[in-house]
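Report on the following structure.
Atoms within each ligand, like the ligands themselves, are counted from 1 in listed order.
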Amino acid sequence: MDKQEFLKKYLADRRGTDCMKWDGLQEKFGETDLLPMWIADMEFRAPDAVTIAMTERVRHGIFGYTQVPDAYYRVFSEWMERRYHFTIQKEWLRFSTGCVTGIAWMIHAFTKPGDACMILTPVYYPFHNVVTNNDRRLVTVDLDYENGYFTMNYEAIEKAIVENQVKMFIQCSPHNPAGRVWTEEELDRVLAVCRKHQVLVVSDEIHQDLVLEGHTFVPAAVVSGGKYRDIVVTLSSATKTFNLATLLHSHIVITDDALRKVYDRFASGLNRTEVSVMGMTATQAGYEHGGEWLENVLEVIQDNYRYLKEELGKHLPEVTVCELEGSYLVLLDLRKLIGAGSAQEFVQKKCRLAVDYGEWFGESFAGFIRLNLATDPAFVRMAVENLINGSYS
Ligand SMILES: Cc1ncc(COP(=O)(O)O)c(C=O)c1O
């Protein structure tokens, strides 16, 4: 299917469907007359195969206790093997109702109250809350930033680990909102630091499938031939890949027997860790039949990004459009444009956009905004126009 056919078929008007992005504007931003470019889900319907599989399940009309079929494990493992050389054995896989829930469970399974957990900022804001709200100490290390590109500062990471006796590193890979798809070499370096100081790495790989041209995603558990498996727990899902966030179905992959034993001991106290049948059905259908749909989505994201970068480069060169290697969430650095002014005053009041603000992701990042590009190209054009017009008003 070409891009125009895809857009015609899959773009949906979400207004009036209790959709947080549109219908939640008043609650989040205090007004409704804004173009929503915030939150991380798409304006596209899930692949047909997903909707068909779910519809068949609904038609059967039974929603009793359900087991995960062997076909599910096979389809998921094939997807991971084919794309990322990660062969996942059935025994390694556990489920949760979300990746952030998964992080919370790992915090409880592997650390004690008061223990330090590290994140690399700017990062998805629930990473901050899930640590502090579970009575652990939050240690933040800023990524280095230069000309729209973020990198890890290994010295600062090691120093923070040692000084704070960090027990767990909650990694975001690919990184939201820095837009980086960490290379194997970068991952190897940070994992080596963690290994040296016995830090457990919880690797949130929810954006794994949203990787743009020229970049390669490497799961933490696959880095250097699987050398770090004894310190890595992987969290992922198909919820970003196929736009299924509200189906509450995520993976926990623990390849190491000893780590899995600790997790299972903790999970035995949770009582319910089995799956939601709709989440499982949708995920399986997505992995089995959603490859072409995903290719179309990636093309839309890539084109939206190219357009944004070119147009702002031409008309608003004071704005830096950060590199986007993975995910559909791009940071704009507005600091040169707004000076000491408030990003919200400019972006919301003058440009009429609803976005995620840099300081939500890390206190040093005020003056950045995050835009969601998994959307109608017409909305990206409007957002660009609004930014340009807002800068003249
Ligand atoms: C890195 C990252 N992890 C987790 C989530 C949310 O996952 P879930 O809804 O499964 O908790 C997001 C959503 O944007 C995210 O960017």
> Going by distance alone, is a donor N or O of one side chain under 3.5 Å from an acceptor N or O of the other, for Thr111 and Arg136?
Replying inline: yes
> Any protein heavy atom under 4.0 Å from atom 9 (O) of ligand 1?
Replying inline: no
> Is Phe127 in polar range of ligand 1, meaning some N or O pair under 3.5 Å apart?
Replying inline: no
>> Side chains of Asp142 and Ser364: any donor to acceptor distance under 3.5 Å?
In response: yes
>> For atom 11 (O) of ligand 1, what is the closest protein heavy atom, and at what distance to 0.1 Å?
In response: Val100 N, 3.0 Å
> Nearest protein heavy-atom contact for atom 3 (N) of ligand 1: which residue, which atom, what distance?
Replying inline: Asp204 OD2, 2.6 Å
> Which ligand 1 atoms, with their elements, are less than 4.0 angstrom from a heavy-atom of Ala40?
Replying inline: 14 (O)
> Strictly under 6.0 Å, is that where the ring centroids of Tyr145 and Phe368 end up?
Replying inline: yes
> Considering only heavy atoms of Lys240, which atoms of ligand 1 have at least one such atom less than 4.0 Å away?
Replying inline: 12 (C), 13 (C), 14 (O)
> When you look at Ile119 and Leu138, which way does the side-chain contact (heavy atoms from CB on, under 4.5 Å) test go after all the steps?
Replying inline: CA-CA 8 Å; Ile119 57 176; Leu138 181 67; 3.7 Å; yes
> Relative to each other, are the rings of Phe76 and Tyr72 parallel, tilted or perpendicular (30° and 60° limits)?
Replying inline: tilted
> Side chains of Asp209 and Tyr84: donor-acceptor distance under 3.5 Å anywhere?
Replying inline: yes
> Can you tell me which residue and heavy atom of the protein come closest to atom 7 (O) of ligand 1, and the distance to 0.1 Å?
Replying inline: Ile206 CD1, 3.3 Å
>> Could you identify the single nearest non-hydrogen protein atom to atom 5 (C) of ligand 1 and state the distance to 0.1 Å?
In response: Tyr124 CE2, 3.3 Å
> Would you say the side chains of Asp356 and Tyr125 form a donor-acceptor pair under 3.5 Å?
Replying inline: yes
> Should you measure from each heavy atom of Gly98, which atoms of ligand 1 turn up under 4.0 Å away?
Replying inline: 10 (O), 11 (O)
>> Would Cys172 count as a contact residue for ligand 1, given that I'm defining contact as a non-hydrogen atom of the residue lying under 4.0 Å from a ligand atom?
In response: yes
> Is there a donor in the side chain of Gln171 and an acceptor in the side chain of Ser203, or the other way round, less than 3.5 Å apart?
Replying inline: yes
>> Between ligand 1 and His207, is the shortest N or O to N or O distance under 3.5 Å?
In response: yes
